[in-house]
Structures are given as structure tokens and as C-alpha cells.
Student: 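Please see the structure below; I have some questions.
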Amino acid sequence: MHFLVAGGGPAGVTACETLRRLDPAAEITLLCGEPGEPYGRMAIPYYLIGNIDAEGTRLRKRHGYWEGLGIPLRHDRIASLVPDRDQVILEGGERLDFDRLLIATGAHPVSPPIPGIDLPGVVHCWTLEDAHAIAERADEGSKVVLMGAGFIGCIILESLVKRGVRLSVIEQGPRMVPRMLDEVAGGMLQAHCESQGVRVLTGTRAESIAESGGRLAVATSQGEIPADLVIVATGVRSNTGFLDGSGVDCDQGVLVDEHLESSRAGVFAAGDVAQGPDLLGGNRQVHAIQPTAVEHGRIAALNMAGQGARYPGSLNMNILDTLGLVSVSFGNWEGGGEHQTLSLDSRDAGRYLKLVFDDQDRLRGAIAVGHTEKVGILRGLIQSRRPLRGWRERLQRDPTRIAEAYVGAIEASA
Amino acid sequence: MAWTEKILRVNLSDKTCKEEPLNKEWAQQYLGQRGLATKYLVEEVDPKADPLGPDNKLIFATGPMTGTMASTGGRYSVITKSPLTHCVACSNSGGFIGQELKNAGWDMVIVEGEADSPLYLYIENERAELLPADEIWGTSVWHTDEWLHKRHQDPLLRIAAVGRSAEQGCLYSAVINDLHRAAGRSGVGTVMASKNLKAMAVRGTQGVGNIKDPKRFMQAVNTAKKVLADNAVTGQGLPTYGTQVLMNVINEIGALPTRNAREVQFEGANEISGEAMHEPRPSDGKPNLVTNAGCFACTIACGRISTVDKGHFSVKNKPEYWGASGGLEYEAAWALGTDTGVDDLDALTYANFICNEDGFDPISFGATVAAAMELYGRGVLTTEQTGTPFDFGSAEALVKAAEWVATGEGFGKELGLGSKRLCEKYGHPELSMTVKGQEFPAYDPRGIQGMGLTYATSNRGACHLRSYTVASEVLGIPEKTDPLTAEGKPALVKAFQDATAAVDSSGLCVFTTFAWTLEDIAPQIDAACEGEWTAARLLEMGERVWNLERRFNLAAGVSGKEDTLPKRLLDEPAATGPAKGLVSKLDEMLPEYYQLRGWSSDGEPTPETLQRLGL
Amino acid sequence: MQRALSIDPGKCTGCLQCELACSFEHTGLFNPSRSVIRVFTFHEEGRFVPYTCTQCAEAWCLQACPVDAIAINAATGAKEINEATCVGCKVCTIACPFGTVNYSQATGKVVKCDLCGGDPQCAEACPTQAITFVDADQTGLERMRHWAVKTDAAAHA
């Protein structure tokens, strides 16, 4: 049996480990698209401020870890998947046969099609290599324009400020992290950033980037902003291009079922490239987050090894620490429809909490700003689908008692 | 060292919060909490100052044990000049806010001046600010607590607040912390409200350290915890029955002041006792007591958490009172029940809830209601004045009285004056069961002679917690003395007063002394605090505190002449029980007490005494 | 046999000796805010519930960590944070459905129960035996484990 795992991110790594545990004798190959050992993108901001070195970003720290598992790392990518054979052609030209394939090829950053986007000094912040490029230019006092205040943009925002740069953030959407936070929370984030000296322009489009005398200038709908470095963090897209014509159905990502299997038998997908079941129901979704990648990797591996594991679906969730202001969101925080929303806005005290319940008093989504204590319970409540009926009135009076409600619910579940 | 060595000075007139270093020299002389804060008060407040004016100050003070793992190490005190007694007021409370203040990095908060509009003090570690409280002024402590928790979205915020009673000028209003813990006596809450300070909300995450020898400290703490666990009172009696373990005991020995102390035994005592709180109710089969509860770090856990029967008239159709909250302690059950002749446990529990909800002292309140009932019985007060029939034994009257005092409406305004001013107003000062203006609690000096001297000489007006000779005279701790004799009591009272002043200055709870002596306490303090702390030094420190308080009171104009008891206790003998035929033998005890204290026959400390104590 | 914390809320008085002991063991200070065991107070019900990590088999925190900073202590079974490796990204704090991994502003790292290396100080300090350290198969934490199964994203077919 040969398991081929394409992609050395958290999904691929977890899949390899799970496969090895289930089948000590199997042949397992891990294809890594980037040089070096598998690393976590989540660690990049900490690398940027020098808290850790490149080794500190590694997903697995022990020396000789992969040799120990008997899993060779191959630094290559799949160029194409042969339509009628269980075989891939690598970018290096070699052909590899497999019995089961896991596509865990992640995503790539996309750039807006504006003039000057390819100029030197305009970089992404996605790979360790990008991070090196940023570290070289983002010196103290230098002017940096961050295009995009989405999750990726916000996650590196703090490290840029800590490096002492003069930072301007341009976001096309109406608020910061529009896909993670609502208006109140996004507004709090913006006010907090501004209070720390970051210029934030929301509802603003970058129109072009020009260079003169080694200096960059970003033309926006709000005027021109000079820059020594422009970081583009305007979104990512799943790496599915190599699957064209392979018989694997793709939409925003590889469409997978509750076994994380694609439309083609024996081919699975996991992590940022997979568009799979959503825990809250509805259409299949790409939830490009670390916990989902790990779960995908594990469950895909169980199925690749024939264990028949069913995945109830992923839950979208994010946590950001923006210059000391921690914000989290889970699931369907937008509410609407038959959902009931409880919120408490204490923005002048640096706190905000929003809870979204369905018509059976089950938590479906949440946003919390300024809360770090026991935030994981929000996931627990959504995932367990536990009705909080007895707590409705108390939570209406004070939603911050949600942790109490949760512990009470566990108690009652005996 | 164990002190944070920082004081927060809050000036309400200027709206400023400033940090200053703790006076470490004073800390070596007065340790902390009661002693140290009294020293600050004495140095900073004119004894003649109007207690409710801007020149009075209000001090929230922790002790060096507060916030540590020493059992019961969560206490704080509120120190000020009392509007009820005009003496120094020092009200001690447990709960959780004392340790929170310490964890925020403060030994003490000194509040001075007077705000021109309602404010609350928000403390988050080194950050302290005064914020507008207009939205919570005019609301209860419980509402304030909920509002502040929501306002700051912090379930772990610890809150001390005053209720509507204090805003309305009730002279025995308390500062309530953690919903049902009270710095209860002498009107410290009234002072807080007079300054337009509604609440103090504290969050501390810095940790309490500065322990001189952490290893030795933990050993001492663990040894002392074991002493508490192995002791019958602190290990079994108090956790099971709370202080309410005493209701039947004190009734049996004929020292239970009943119906404004006209009698010394109460036929309804068992109905409102600690034992009764365990009995299932006929209505729902549940007992009054839900659980016992501990204050911060307390391994005794005497606290009562109770419910009122949902069908009881006091809470019918009021679901907000159907949940559990702080239940009856002995002195509250006595004042609300025995002293008013009410034997309805649910009514007492409800009245106690109201005392907590709107922040007033159930002892002074109950005793004032009792005095009003006697005035009513004699026809001095009429139903028109009281607003409802006010007979001894009327649970309805008790419940209404509590609700009225809570909001200051109707007869509640008069009840809020306290028993002394009420009885004087209606021409019967002799019916007020007070010393220096403060109502005495649940031990009749005719049946427990030491308590007569305790009440008469207490520096904050009548109080059991200044020298709890009940421990010796009734429970035999540390050794049994005869409650009916005056012999030896002056020395006993002095010893208890000094030791208690030491414990009250440490951050520990005086209830530990059912099991601990200063020999158990000293090693804990010594391992934590700079300097050498022996039992002898603590006792001497306690004596210094006592004399410091005494001098403040004398300077405030409260002379030795007020070291006396209500006429009833001196003239009307107990009619039943073991003390039958006895009155308080205060006149036998007082001169000897003065002598032991090194005071003149007028009750003033002699220059030699002051010098000996370094005053 | 590995041992686990067993919690009997009915015996808890809410005194927080456990929080004190936990913080003292891990930080050298008495600091309930730094304790990884937390007593919940249910005021209206008059109940106190000590709450901490069950060292669940799913190990959500460990799984979610992007830098390999959480490992299982082979002797105790505890999932332990390696402070030197943790970057403070907080992903584990949202991944743990029990909310028992938390970010510490003071250290910039996450913290969770490590069973004090096999001698949990919370159990040691508890005056009422509401918290005990017993053989894993008899613990009162069965309830939470049961809950863990319910929340398991990988329910097997």
C-alpha cells in the first residue's frame, strides 16, 4: 500500500502521522512544496519579530522525526493527476503511483490586478520566504503599507508594529476582518489600532502602485500613501490548478464528502484546499484554519486506511491578537433568520460579546473581543449542540455568564 | 514581607487616584488592616470631624495575610469615623474583594473628600479610575453588582457597594461585597454613600507574594490548617451549622436577649436555629440551607447559603428572591428573630436578603425594630406612625420594616436612625439597647457576664467581635470560665480585646481563634512578614491598637462615662434560666478593667501606658 | 495505572484554596487569576464547581498546536505546554472545546493543567476532598469525558 500525501502543512503532516499509526508497514510519501521541513504559517508573525528562529516555526520539532516515522520528505509538487490511473506527475517530471492520494496542497495568496503589483518591494506574507523578504525591508521607521486587513493581514499587523515600522492598512471592505468580525468588533479593532499609531483606511481600494527613486507610492481611493514596502494580504485561493481534467471535482476547493473523499475514489483532500462539510449545515465550505486542517488530516487518513470515519463538519473559528486586543469568532456569528442574538457592547471598557442562538437555544456562533478566559467553551457549546434552555433568561440579562452556563450544562449532562 | 507596600489614595473632590508608599515603620507597629488603617485614620482625620462630611475618610484595608494561602486569609476592613457612634468604626468582611485588592497590588485604599456626583472606583491592577455612577445611584447593591459585571464584561470582577439604605442616610448601612458579605457595623456604608461613592470594583492579577520565607510559610500554613480541621468547632460545628450553632446553646444558658432584651430566653429559638435550617420544609421538601460556603482561602466555611420558601408571603410572586443567597448567621437570626420575637425562619431569611441587597446591618436593624416594637406596645408609637401593626412577633412588620429601611421610605426613615436616636426621639432613651449608640448583639450580659464588659468598653460601640468571651464562658475556649460570675472577667476581656485586635490587623478571620491561639497565628505571620513576629509581640501590638482607638474616641468626645450598658441590663434581673435573678455586674468589673489597662479612673490611658506602648 | 483529578462539586465550598495552590505551584505567587483550575460559582443554586482540564484523549489542544509545543507526559498522561516552544498564537485556546487552555497575558504563552507532574497541588490543598487524585477509571470526570465524545468531530461510523 502506498499512501501519497501532497502538502507539508498541518493537514498533510497530521495525515502522515495518523497513517503511520494505523499502518506501520505502509509506504508513505510526503510531498513538500516548500524547502525545508514542514512548518506552520501561524508561527510566521512570531518569526517576524524574532521571538523564534526558522526552526521554531517547524510543525514537528524533534530532529530526525520524519526518518523515525519512516516517511521520506520529497521536495516537489504535483504537476498533474493522471486521469485514468492512480498516478501523479511531479513538477520535477517523475511519475509516482499511489494507492491512496491525499491532496493537502493548501492555498496561495492572490493579488489584485492593479498596476505595479509586481514591483520589487511589493510582497506577500504567506511563506517563510515571504517572511524573510519582509524582515529585510521592514526596519524601524520604514513606511509599510499593508493591503488587506483580513485575517492574514491582521495576524502580521502586530509584528510589523513591533518592528517599529510606520504602518498604514488599506482594507477594501467596510471594516477590519470583515469575514471574521461584525461592525462593532471590527470597529473596536480599528479604534484600537489607531490608538496605537496605525493608520487604518477601511472602505478603501488600492488603485495602483508606482515606484520612483526606490520609493513606492500606493494610489488609493483616499489619496496616495508613500511606502518602502507594500505587503499584499488580500486573500488566498485553494491550490487546485493541477487537478484540471483529472476527474476531481472542484469548486472553491476540492469538493469532498463526509469521509473527506473527492469525487474520484481513492483521492482525498484536507485542509485549506478542501471544501467539505460545514458543521452548521448548508453548502460545503473551505475553512482555511489550523484546527480544521488537523481534523481533516486525521479523518482523511482514517478513511484512507479504511477505518470508515465520518466527519460531522468543520467549524469556522479564528482568534486574533491585535496589539493586545484579543478577538475571537466562531461559526455563524452573523445571525439573522430565526436566530436570536444576544450581545453586550462595552467597547469603552474594551469588551464585546455576541452570542447567536438558534430557535432551540443552541449556540450557533459567537464573537468575543477582549475576552481570553475560557473562550474555547464557545466551540464546545456550538459543537455539542447543547440547548441552554434553562439559561436563556440569565444569559439575556448578562451574556458574559456563558462560561457558567456551559459548566452548568456539562454538570447536567451526567 | 507580604505587604504590597503600596497605598491608593483616592480624592473624590479632585477626582484623583494616586499611589503612595506604605509607611513601613507603621506597618511594623500596627501590622495591617484594622491596626494600620486606624493609625492612618488617627493621623489624618480630626476626631471631631463630621462623620458624614468631606473631612472624614474611608479606608479599605487588607492585612499581610490577605490574599495568601493562610486559611481565612481573605479579610479586609473598612475604617472610618462612625456616624452611628462617633467612635472609630472598623468593620471587617470576608468574601473575595480583599484578596482581589491585594492581587491588584494595594494594601489599602484611602478615600477622602466628597464627589459632586455619584462615582464608582474601578481598579484594575495599577490602574485606578473614578467613573460615573449615575446609572446605578438609587439602585440596590445587587443591581449595582450585576451592572458593573456587565459594564466591564468581567465575571471575575469583585465588587463592594452601598445600597439605597446608605444613600437614604440610614445610619447603620453596610458596605456589601461579593453580594452577601458585609463590612456590616457602625454605618461604614453610610459614610461611603455620603461621599457619593457608590461602589468599588476591583480586578487584580498581579499575585500576592513578598513572602519572607515561602517554604516556612507554607509549612506554617499547612500545620495551622490541620489545627482548624481537627478542632470540633472549626472542623465540624461551624461548617455544619455556621454560627447558628449557637441559637439553641445560648437560649439554654439563658443569655438570649429576647424582645428588646425584656427576656433572656426565646420560646421560638429552635424554630430559627442552625438545626432548623437543615430541616426539610413541608412545602417543597427542601431545607432552608442549600450549602455552606467559604470566604476566600477559608478552610472552615461557616457561611450559609439559603433559600426562602417560594410560597412564603415575603417572596410570593417575587421570583427574583427564589434563588439562593447569603443566609442567616447567628447574630442576624437573633436580631431579626429573637429580638423581635419573630420565629418565622423564612421571614428572617428574606429580611436578611434585603439587608444584603440594600446594604444595612441586620443587628442594628433588628434591634431597632425591636425597640420600635416595644415603643409600639407601650402605645408610644401608633400604627399611623409605623405604617403597619408593629407588635412583637409580627413577621409582616419585620418584612415591611426591612423593605422600608432598604429604600428609606415611610417608617424606614425613622428606623434608619438606629435604636438610640429613635428611642430618644420618642422620649424613651432607656428602651434603646445600645452602647455609644450602637445596638448590642445576641448575648445577654446578665447570662454571660463578660459580654457586659465587652459591650461597655468596645471601641466601636456595643459589639461581640471586640472580645468574644463567649468562647471562654460558654464554649470553654481556651479554658472554661463561669458565665455568671464577674470574677476574672476584666482580665479575660482585656486579653480577648488585645488578641482580637491583633487578628483583625492580620488579614485572618477571628473565627479561627476557636481553634487557633496567637501561638498558631504568629508562625504564619512571622514566616511571611519582615520583622520578628511572636505571639507576645502580636498581643502587645493588639494592645497598642486598642489604646490608639480609645484615644481617638476620647478625642472625639466619647468619654469613659459612656462605658456603660442600657439600664435594663443593669437593673432588671433575668427572669428565667440559669441567670435568673442576675443583672450585669458591670460596676464590679469596670474599675478593675481600667486598672488592668493602665487607664485612669476616668478611663483615659495614663502617660505611662501610652509610653509603654510607644504611643 | 495513571491517575486523574476527580471532582465532586457537592463538597466544594468555593474557598479557592485550589486556585491558590495551583498558582503558587506554577508561578510562586498566590494569584487565582493565574490558576489553571477555576471554581465556578453558581450563586442562585448555591453550588461551586471546580473546573479544569480532563487531559482528554482527543487532545484538541495538542492537535491544534502549529508549533509542536504541547506534548503528552508519558508518566502522568498530562498534556503539557512546552513554554519555550509555545509562540502564544492561541489557536489551542479556541480549539479546546472545554476552554481549559487559556492565554496568559503575563507570560505571552498559553497555560493548562499539567497535573503538577503527578502531585496535583489543588487536590493537596482542598480542605473538603472535593478535588481528589485517584485512579483514572474511577474519576468523576467521566461526565466531561462523556461530553468529549459528544463533541468529538471524528465520531466513528
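As the structure is a prediction and not an experimental result, all values here were calculated from the model. First the proteins, then the strands, lettered A, B, ... as listed; each starts at 1.
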Student: Relative to chain A, which segment of C/Thr41 carries a heavy atom at a distance below 4.5 Å: side chain, backbone, both, or neither?
Tutor: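 Backbone only.
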Student: Could you tell me which portion of A/Arg60 (side chain, backbone, both or neither) has an atom closer than 4.5 angstrom to a non-hydrogen atom of chain C?
Tutor: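 A/Arg60 touches chain C through backbone and side-chain heavy atoms alike.
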Student: Residue by residue, which of residues 390-398 of chain A have a heavy atom closer than 4.5 Å to a heavy atom belonging to chain C?
Tutor: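 The list, in residue order, reads A/Trp391, A/Arg394.
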Student: Heavy-atom pairs under 4.5 Å with chain C are the metric here; pick the option from A/Thr372, A/Leu59, A/Ile289 that has the most.
Tutor: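 Max contact count across the listed options: A/Leu59.
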Student: Report yes or no: do A/Glu373 and C/Tyr103 form a side-chain donor-acceptor pair below 3.5 Å?
Tutor: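 Result is no, nothing qualifies.
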Student: Give me the contact list for residues 74-90 of chain C versus chain A, heavy atoms only, anything under 4.5 Å, ordered by residue number.
Tutor: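 Listed by number: C/Thr85, C/Val87, C/Gly88, C/Cys89, C/Lys90.
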Student: When you compare the side chains of A/Tyr46 and A/Glu158, does any donor N or O come within less than 3.5 Å of an acceptor on the partner?
Tutor: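 No, no side-chain donor-acceptor contact under 3.5 Å.
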Student: Calculate, to the nearest 0.5 Å, the distance between atoms NE2 and CD1 belonging to A/His371 and A/Ile319 respectively.
Tutor: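 Output value for this atom pair is 12.0 Å.
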Student: Determine, for A/Arg62 against A/Glu55, whether the closest basic-nitrogen to carboxylate-oxygen distance falls under 4.0 angstrom.
Tutor: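 No salt bridge links A/Arg62 with A/Glu55.
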Student: Side-chain contact test, heavy atoms from C-beta onward, threshold under 4.5 Å: evaluate it for A/Leu353 versus A/Ile367 and give yes or no.
Tutor: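 Counting from C-beta outward, A/Leu353 and A/Ile367 never come under 4.5 Å.
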Student: Any chance you could lay out the side-chain contact (heavy atoms from CB on, under 4.5 Å) test for C/Asp8 and C/Thr128, step after step, and finish with the verdict?
Tutor: CA-CA 10 Å; C/Asp8 181 352; C/Thr128 61; over 6 Å; no
Student: Under 4.5 Å, counting heavy-atom pairs only, tell me which of C/Ser104, C/Ala69, C/Ala95 racks up the most with chain A.
Tutor: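 Of the candidates given, the most pairs with chain A belong to C/Ala95.
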Student: With a 3.5 Å cut-off and no angle check, do the side chains of A/His287 and A/Thr292 form a donor-acceptor pair?
Tutor: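 No, no side-chain donor-acceptor contact under 3.5 Å.
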Student: Using heavy-atom distances under 4.5 Å, tell me whether A/Val13 contacts chain C through its side chain, its backbone, both, or neither.
Tutor: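 The answer is neither part of A/Val13.
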Student: Is the shortest heavy-atom distance from the side chain of A/His259 to the side chain of A/Ile299 under 4.5 Å?
Tutor: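 They are not in contact (no side-chain heavy atoms under 4.5 Å apart), so the answer is no.
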Student: Given side chains that start at C-beta, do those of A/Thr18 and A/Leu22 come closer than 4.5 Å, heavy atoms only?
Tutor: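 With C-beta onward as the side chain, the pair touches.
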Student: Measure the shortest side-chain to side-chain distance between C/Asn102 and C/Val110 over non-hydrogen atoms and say whether it is less than 4.5 angstrom.
Tutor: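 A side-chain contact is absent here, since even the closest heavy-atom pair is not under 4.5 Å.
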Student: Does the side-chain contact (heavy atoms from CB on, under 4.5 Å) test come out yes or no for C/Gln63 and A/Thr14, once each step is laid out?
Tutor: CA-CA 8 Å; C/Gln63 297 286 341; A/Thr14 307; 4.2 Å; yes
Student: Can you check whether C/Glu19 reaches C/Ser33 side chain to side chain, under 4.5 Å on heavy atoms?
Tutor: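 Result no, sub-4.5 Å side-chain heavy-atom pair not found.
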Student: Is it the backbone or the side chain of A/Phe330 that comes under 4.5 Å from a heavy atom of chain C, or both, or neither?
Tutor: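 When you check distances to chain C, only side chain atoms of A/Phe330 fall under 4.5 Å.
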Student: Looking only at heavy atoms and a cut-off of under 4.5 Å, which of C/Glu45, C/Glu44, C/Gln105 has the most pairs with chain A?
Tutor: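 Most heavy-atom pairs within the cutoff with chain A belong to C/Glu44.
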Student: Would you mind telling me which of C/Val67, C/Thr93, C/Ile94, C/Val101 has the largest number of heavy-atom pairs within less than 4.5 Å of chain A?
Tutor: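 Most heavy-atom pairs under 4.5 Å with chain A: C/Ile94.
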Student: Of all of A/Ala403, A/Pro45, A/Ala43, A/Gly297, which one pairs up most often with chain C through heavy atoms under 4.5 Å apart?
Tutor: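 Maximum pair count with chain C is reached by A/Ala403.
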Student: Hey, does A/Trp66 have a side-chain heavy atom less than 4.5 Å from the side chain of A/Pro38?
Tutor: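 Yes, close enough: below the 4.5 Å cut-off.
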Student: Is any side-chain N of the basic residue among A/Arg401 and A/Glu404 closer than 4.0 Å to the acidic one's carboxylate O?
Tutor: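 A/Glu404 and A/Arg401: salt-bridged.
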Student: Under a 4.5 Å heavy-atom cutoff, which of A/Val328, A/Ile382, A/Asp321 has the most pairs with chain C?
Tutor: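 Max contact count across the listed options: A/Asp321.
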Student: Taking C-beta and beyond as the side chain, do A/Leu279 and A/Gln383 meet within less than 4.5 Å on heavy atoms?
Tutor: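 Yes, their side chains come closer than 4.5 Å.
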Student: Which bit of C/Cys92 is near chain A, if near means a heavy-atom gap under 4.5 Å: side chain, backbone, both or neither?
Tutor: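 C/Cys92 has no heavy atom closer than 4.5 Å to chain A.
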Student: Looking at chain C, which one of A/Val375, A/Asn318, A/Val407 has the largest number of heavy-atom pairs inside 4.5 Å, strictly under?
Tutor: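 Top count of heavy-atom pairs under 4.5 Å with chain C: A/Val407.
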